[in-house]
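Some notes on the structure that comes next.
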2 protein chains.
Amino acid sequence: MVTPRKPPLTPDASGFNVYARECPARMVLDRIGDKWALLVLDRLRHDAARFNAIRRDIGGISQKVLSQVLKNLERDGLVLRTVHATVPVAVTYSLTPLGETLTQAAASLIHWAESHMAQIQHAQRLYDDRLAATSL
Amino acid sequence: MVTPRKPPLTPDASGFNVYARECPARMVLDRIGDKWALLVLDRLRHDAARFNAIRRDIGGISQKVLSQVLKNLERDGLVLRTVHATVPVAVTYSLTPLGETLTQAAASLIHWAESHMAQIQHAQRLYDDRLAATSL
DNA sequence: TCACCTGGTTTCATATTGAAACCAGGTTTC
DNA sequence: GAAACCTGGTTTCAATATGAAACCAGGTGA
C-alpha cells in the first residue's frame, strides 16, 4: 500500500518533513526546488561538463548564480567538482550516484513544461481574456 | 528507445526548449521550478483546500507569496479557484486535470529531499570539514 | 604584444521576498 | 452589542537575492 500523505503532513519515516520551515529537508528543498538547480542537474544528466560549457548551455544563467548553484549542489553531495591536473587545468562537474537518484524527478519536471505548453497557453488565454472581461 | 537528450538541448517535438531563456516553456519553469509552487501542488495532491488551510500547512509561507503562487498556478491552468456561494463565502483551491499530470513529478522532488537526508547530511559534513581544513 | 580563452569573485543597481500592517466582510463569545 | 477572532486577501516597506558587468589570475594562440 502506498502511504497516503494528507497534510499537515506527517514526517518521513526518518522524521524529516519538508512542510516544516525549520526542517533540514526543507532547506534542501530550498536549494533543489529552484529552476537553475534543476536545469544544472538536467544538463549533467548525460555527461559531465565544464563550467563555461554549462553556462553556455543554460541560456540566461549568470556566472555568479551558476557558481553558487554548483557550490550548493556539491556541498549536498549531488555534484562532483573535479580539477584535472592538466596544463592548463580543467574543471569538470559531474553527477554523483546520489545526484543521479534525483535527476529523474528533476528531468520530469523540466520536461513537463515543454510537453504541456499547448494546454498551458490555452489556459493562459482563457484566464487573461476572462480577466480583461471582468475589468471592463 | 528513450530519446537521449544531450544539451545544448534540441527543442521538444513541438519546438519548446526550457534551455532557451526566451522560450515560453522556460517561463513556465520559472513558476513551477520554485519551492513554494511545488509545496502547494503537493499540498493539493490529495484534497482541495482553502487559502488559510494551505497557508497553515506550508510552514513559513507568507500570505503574499501564497497569493501570488496560486494566481500563477491558476493562470497556467494547474489549479482551479472556486468561490462557493455560501454565507459566508468560502474559497477553495484544487488541482485541475492538467495540474494532476504534474504532481507526481513535484511530489517525487519534494519526497526525495526527505528520503535522502542521511546521505545529504553526510556529504555536507565532509564538505564543511574539508573546507575548514583547507582554510587553516 | 594583443586578443581571447579558462574559472571564477566582486561590485552595484535593481527586482524579489518576507514580515507586518491593513482591509472588508462575517461569526462567535460574553 | 461590542470585543475578539475568523475569512481571503492587498499594501507597505525593509531586507535579501538576483543579474549584468567589471574585474582577476593564469594560460593559449596569432
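Sequence lines set the chain letters: A, B, ... in the order given, protein chains first and strands last, and positions in each chain run from 1.
Phosphate contact (OP1/OP2 of dT16(C), side-chain N/O of W36(B), threshold under 4.0 Å): absent. When the side-chain nitrogen and oxygen atoms of R21(A) are compared with OP1 and OP2 of dA19(C), one or more of them lie within a distance under 4.0 Å. Contact check, R56(B) against dG8(D): no side-chain N or O comes under 4.0 Å of OP1 or OP2.
At distances below 3.5 Å, at least one donor-acceptor pair connects side-chain atoms of S108(B) with backbone N or O atoms of Q104(B). No donor-acceptor distance shorter than 3.5 angstrom exists from the side chain of Q119(A) to the backbone of L98(B), with no hydrogens or angles considered.
In this structure, Q124(A) and I120(A) have side chains that are in contact, with non-hydrogen atoms separated by less than 4.5 Å. At a threshold of 4.5 Å between non-hydrogen side-chain atoms, the residues L41(A) and L102(A) count as touching. Taking the side chain as every heavy atom from C-beta outward, T82(A) and V91(A) never approach each other to under 4.5 Å.
The distance from atom CZ of R31(A) to atom C1' of dA17(D) is 16 Å, rounded to the nearest whole Å. The interatomic distance linking D30(B) (CG) with dT18(D) (P) rounds to 12 Å, in whole Å. One atom, NZ of K35(A), and another, C1' of dA15(C), lie 12 Å apart when rounded to the nearest Å. As rounded to whole Å, 14 Å separates atom C1' of dA20(D) from atom CD1 of I61(A). Between R55(B) atom CZ and dT7(D) atom P the separation is 8 Å, expressed in whole Å. F51(B) has its CZ atom 18 Å from the P atom of dC23(C), to the nearest Å. Whole-Å rounding puts the I54(B) CD1 to dT7(D) P distance at 12 Å.
For residues 64-90 of chain B, proximity to DNA chain C is found at K64(B), V65(B), V87(B), P88(B), defined as any non-hydrogen atom under 4.0 angstrom from a strand atom.
Open room surrounds NE2 on H122(A); 12 or fewer heavy atoms of other groups in view lie less than 6.0 Å from it.
Of all nucleotides listed (dT7(D), dA20(D), dG7(C)), dT7(D) comes nearest to the side chain of R50(B). Checking dT7(D), dG9(D), dT9(C) against every side-chain atom of Q63(A), the shortest atom distance belongs to dT9(C).
No donor-acceptor contact under 3.5 angstrom links the side chains of Y127(B) and D76(A), judged on distance only.
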